[in-house]
Amino acid sequence: MIPFSPPHIDEKIIEEVVAALKSGWITTGPRTKAFEQKLVGYCGVPRVLCVSSASAGLELMLRWFGIGPGDEVIVPAYTYTATAEVVLHCGAKPVMVDVGENFLITTDNIRKAITPSTKVIIPVDIAGLPCDYDDINRLVNEPSMRQQFRPANEVQRQLGRILVMSDAAHSLGGWYKGRRTGALTDITVFSFHAVKNLTTAEGGAICLNLPEPFDAEALYRELCTFSLHGQSKDALAKTKPGNWRYDVTYAGYKCNMTDMAAAIGLIEIDRYDSLILQRRRQIFEAYTQAFKDDDRFQIPEFETLDKTSSFHVYALRLRHADEARRDAVIQRIFDQEVSVNVHFIPLPMLTCYKKLGYDIRNYPVTYDNYSREISLPVYYDLTDEQVELVIEAVKKATEK
Ligand SMILES: *Cc1c(COP(=O)(O)O)cnc(C)c1O
């Protein structure tokens, strides 16, 4: 069986994790701080805070912005549940909008969904392709949009407009107009979950890129405390001789990254471009070569004039299929010992969101994308021979 997305774990990673284990310091410490600095350099942003997951990072930042009951947060209907569930956790309302044919949230649909209660937009770089951030950033800065924004606390007053926080769980290393993801919006959150391009087993990172008067360094320090119980000193600082006394100034959260996770990340980030992204690109190109001139298939967009994907998900679509036929094709692919997937089941089709009143009929493009989509395996250790097997299996499964 060709698996869908196993992690790439080699001796270098194992050695670094063992070194962390033997160092006497396994939770947040020097390796986490070093990994944060690597991400600062990689993304070209002022500051990065590593956390235990992207979900935790998204929720932490919504809470930092003071999101609560009565607030609206715009999210695409086509995403993973984490994007919207964090809004529910805060007691706010996820306002779902339809996406475009390329799976990404559209600026027009965002515009139609904005109300005076809109506080945050969470665009999602589905499959690794960055959203249209110039348009989205321009939209929230339009004078009429700024005028109708109703700040409810000091942080919201300082920003003076809707916050743009991208869910970049898929798009580490993607490009938009010469800049990397992370540097494209006020806040960007990456995921290092086991199936993502760069993994730390579980983990996430928050890129801080807010405009003035926000100070990235001060905000970083504030968020270190916020993500660690609201405690004035972290565990490492407390180990300094005589430095035992601490205070807790408010009820914070607990979502820091461990040094064992950061050990994996430290090895991965150094070879992410040269090894991981390059191999993923080769696989994307091989699939595209195989499917592009075949009328049965619609290939995904992964490079445009303005954008380069991080090659996270190869979202192939069947041209002449409905959901039932797509499902049957998937079964026939599995029957040939090849694992595929669907990214994603739209949120309005999941019980949690149906119960809240969301209805997939209001998101026709989302449904159409989903109903014809099949995600093909893409990962560093997938060999050229296996790529050929996947292509053959897909072609055979779609024969009449
Ligand atoms: C994986 C994923 C997340 C959640 O990441 P975690 O690190 O597992 O919390 C959020 N959004 C999208 C689009 C994802 O695919």
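It should be emphasised that the depicted structure is a prediction, and the values quoted were computed from it without experimental measurement. Counting starts at 1 for both ligands and their atoms, in listed order. By convention here, the first residue in the shown sequence is residue 1.
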What pairs of donor and acceptor atoms, side-chain ones from residues 238-246 against any protein atom, are under 3.5 angstrom apart with sequence neighbours left out?
from : atom 1 : to   : atom 2 : distance (Å)
T239 : OG1    : L236 : O      : 2.5
N243 : OD1    : K233 : NZ     : 3.0
N243 : ND2    : A237 : O      : 2.8

Expected list for residues 256-265: side-chain donor-acceptor pairs under 3.5 angstrom, two or more places apart:
from : atom 1 : to   : atom 2 : distance (Å)
N256 : OD1    : K254 : NZ     : 2.9
N256 : ND2    : T28  : OG1    : 2.7
T258 : OG1    : M260 : N      : 3.4
T258 : OG1    : A261 : N      : 3.1
D259 : OD1    : G29  : N      : 2.8
D259 : OD1    : T32  : N      : 2.9
D259 : OD1    : T32  : OG1    : 2.6
D259 : OD2    : R31  : N      : 2.9

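Between the side chains of N197 and Y272, at least one donor N or O sits under 3.5 Å from an acceptor N or O. Side chains of T188 and S166: a donor-acceptor N/O pair is present below 3.5 angstrom, by distance only. A donor-acceptor pair shorter than 3.5 Å can be found between the side chains of S375 and E373.
Take H8 and apply the ring-ring contact (aromatic ring centres under 6.0 Å, His included) test, not counting sequence neighbours, and it matches Y380.
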Run through all N or O atoms in ligand 1 and write down each protein N or O closer than 3.5 Å, as a pair with its distance.
from     : atom 1 : to   : atom 2 : distance (Å)
ligand 1 : 5 (O)  : S191 : OG     : 3.2
ligand 1 : 7 (O)  : A54  : N      : 2.9
ligand 1 : 7 (O)  : S191 : OG     : 2.7
ligand 1 : 9 (O)  : A54  : N      : 3.3
ligand 1 : 9 (O)  : S55  : N      : 2.8
ligand 1 : 9 (O)  : S55  : OG     : 2.5
ligand 1 : 11 (N) : D167 : OD1    : 3.3
ligand 1 : 11 (N) : D167 : OD2    : 2.7
ligand 1 : 15 (O) : H170 : NE2    : 2.7
ligand 1 : 15 (O) : K196 : NZ     : 3.4

